[in-house]
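Read the structure below first, then the notes.
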Amino acid sequence: MNARIGWAVLTLALAGLLPGCSNTLFASLPVGAVTACDPAWPGAWRLIRSDGSAPKADDVIRISADCKQITSTEDGKPKVEQHNLQLIDTAAGQFMLEAESGTDPRTCIGSDSSHCGFYLLRYQRHGQRIDLFDADHVRVHDAIAAHAIAGYTTQTNRPQEGASGKTDATSEDGKPTSTATDTGAQKPTYDNLIDGNPEQIARILAQHPEFFDSKPLISLQREGPMNPGAAP
């Protein structure tokens, strides 16, 4: 896992809900209205765990007034990181792109890291709550493998703990092979890149809402008043 989604990765790490190793990237950012900081975002937010586990004292992040500084707590001590945020409002919904300041916002996949694109999260804000949705990597993989959309995809079967599998198996045509002795105990991961220019990506997102999960990966609940005029 790299810094592909910046503070979103931070919140997921705090909640212990990081997605495995799957990636779904977009070759271009979709057409839409872009802002670097919605005034509804600054302030303190508590992580709401989708697994139903009890919240922890450190499950709080603070977003600065310009949305570029994220403060969290690690081992009881404040941790401050600089990030760049892009919020994209499209006909298909709202999406966010995030990266650490000074880093390329693109992620590269493939054996030679030649397939590069943007890792987007879909988000919905309901009053004082923000839900973050990850891509449905399996559905995107299936669509690319079936040539329903243009792109690149690989599937890798990784033996889970306690499995007797001995070798990872990778397929680029939607037909994974296996040299493991216990395929039933393997967990697939996916690397997907959806091809297209900004207009095409926007159209794909509008035509395929199923390419993002319907259940939030994680949610943020505002803690305390919204104060966009001052750093929290």
Discussion item. Tell me every residue that passes side chain to side chain donor-acceptor pair (under 3.5 Å) with Gln221, counting only those two or more places apart in sequence or in another chain.
Written reply: none
Worksheet item: Does any N or O in the side chain of Asp213 come within less than 3.5 Å of the main-chain N or O of Lys215, such that one atom is a donor and the other an acceptor?
Response: no
Side-chain donor-acceptor pairs of residues 196-204 under 3.5 Å, sequence neighbours excluded:
{"from": "Asn197", "atom 1": "OD1", "to": "Glu199", "atom 2": "N", "distance (Å)": "3.1"}
{"from": "Asn197", "atom 1": "OD1", "to": "Gln200", "atom 2": "N", "distance (Å)": "2.8"}
{"from": "Gln200", "atom 1": "OE1", "to": "Asn197", "atom 2": "N", "distance (Å)": "2.8"}

Discussion item. Just verifying a value: how many Å separate Gln128 CD and Leu220 CG, rounded to the nearest 0.5 Å?
Written reply: 12.0 Å
Discussion item. For a side-chain contact (heavy atoms from CB on, under 4.5 Å) check, start with the C-alpha distance between Gln86 and Glu98, then their side-chain angles and the critical distance, and finish with the verdict.
Written reply: CA-CA 6 Å; Gln86 289 188 58; Glu98 217 287 330; over 6 Å; no
Response to the item:
Across all chains, not counting sequence neighbours, the side chain to side chain donor-acceptor pair (under 3.5 Å) partners of Ser114 are Asp112
Discussion item. Are Val80 and Gln69 packed together at the side-chain level, in the sense that at least one heavy-atom pair is separated by less than 4.5 angstrom?
Written reply: yes
Worksheet item: At what distance, to the nearest 0.5 angstrom, does NE2 of His137 lie from OG1 of Thr153?
Response: 11.0 Å
Discussion item. For the NE2 atom on His126, are there more than 12 heavy atoms of other groups (residues, nucleotides or ligands in this structure) within a distance under 6.0 Å?
Written reply: yes
Discussion item. Does anything in residues 112-149 form a disulfide bond (SG atoms under 2.5 Å apart)? List the pairs, not counting sequence neighbours.
Written reply: Cys108-Cys116
Item to complete: Using the rule that two of Ile, Leu, Val, Met, Phe, Trp, Tyr join whenever any of their side-chain heavy atoms come within less than 4.5 Å, decide whether Val31 and Ile194 are in one cluster.
Response: no
Discussion item. According to salt bridge (charged side-chain N to carboxylate O under 4.0 Å, His left out), does anything in residues 28-43 pair up with another residue at least two apart or in another chain? List the pairs.
Written reply: none
Discussion item. Testing Leu121, Leu205, Asp134, Leu217 one by one against Phe212 for a side chain to side chain contact (heavy atoms under 4.5 Å, CB included), which residue passes?
Written reply: Leu205
Fill in: Non-neighbouring partners of Phe26 that pass ring pair (Phe, Tyr, Trp, His ring centres under 6.0 Å), sequence neighbours left out
none
Fill in: Separation between CD1 of Ile63 and CD1 of Ile130, rounded to the nearest 0.5 Å
6.5 Å
Practice prompt. Apply ring pair (Phe, Tyr, Trp, His ring centres under 6.0 Å) to Phe133 and list each qualifying residue two or more places apart in sequence or on a separate chain.
Written response: none
Response to the item:
Rounded to the nearest 0.5 angstrom, the OH-CG distance for Tyr123 and Leu132 is 10.0 Å
Worksheet item: Are any of the side-chain heavy atoms of Leu25 and Ile109 separated by less than 4.5 Å?
Response: yes
Fill in: Which atom of Arg222 lies closest to which atom of Gly43, heavy atoms considered
NH1-CA, 3.8 Å
Fill in: Contacts of Asp104 that satisfy salt bridge (Lys or Arg N to Asp or Glu O under 4.0 Å) - sequence neighbours left out
Arg106
Worksheet item: Say you draw a straight line from CD of Gln82 to CG of Asp66; how long is it, rounded to the nearest 0.5 Å?
Response: 8.0 Å
Item to complete: Flag the pair Leu87 / Val34 as yes when at least one side-chain heavy-atom distance between them is below 4.5 Å, and no otherwise.
Response: no
Fill in: Pairwise distance CZ(Phe118) to CG(Leu29) - rounded to 0.5 angstrom
4.5 Å
Practice prompt. List the atom of Ala36, the atom of Cys67, and the distance in Å for their closest heavy-atom pair.
Written response: O-CB, 3.8 Å
Response to the item:
side chain to side chain donor-acceptor pair (under 3.5 Å) filter on Asp131, not counting sequence neighbours, yields Arg129, Ser219
Worksheet, complete the sentence: Smallest heavy-atom separation, Tyr152 atom then Ser111 atom, equals OH-N, 4.4 Å
Worksheet item: Which pair of heavy atoms, one from His115 and one from Leu193, lies closest together, and at what distance?
Response: CB-CD2, 3.8 Å
Worksheet item: Which heavy atom of Trp41 sits nearest a heavy atom of Met96, and at what distance?
Response: CH2-SD, 4.1 Å
Discussion item. Among residues at least two apart in sequence or on other chains, which ones pass side chain to side chain donor-acceptor pair (under 3.5 Å) with His208?
Written reply: Glu210
Item to complete: For Gln94 and Ile88, indicate whether the former's side chain and the latter's backbone hold a donor-acceptor pair under 3.5 Å.
Response: no
Worksheet item: Is the closest side-chain heavy-atom distance between Pro216 and Ile48 below 4.5 Å?
Response: no
Fill in: Side-chain cluster (under 4.5 Å, hydrophobic types only) that Val138 belongs to, other residues
Tyr190
Response to the item:
Residues Cys37 and Pro42: closest non-hydrogen pair is SG-CG, 4.1 Å
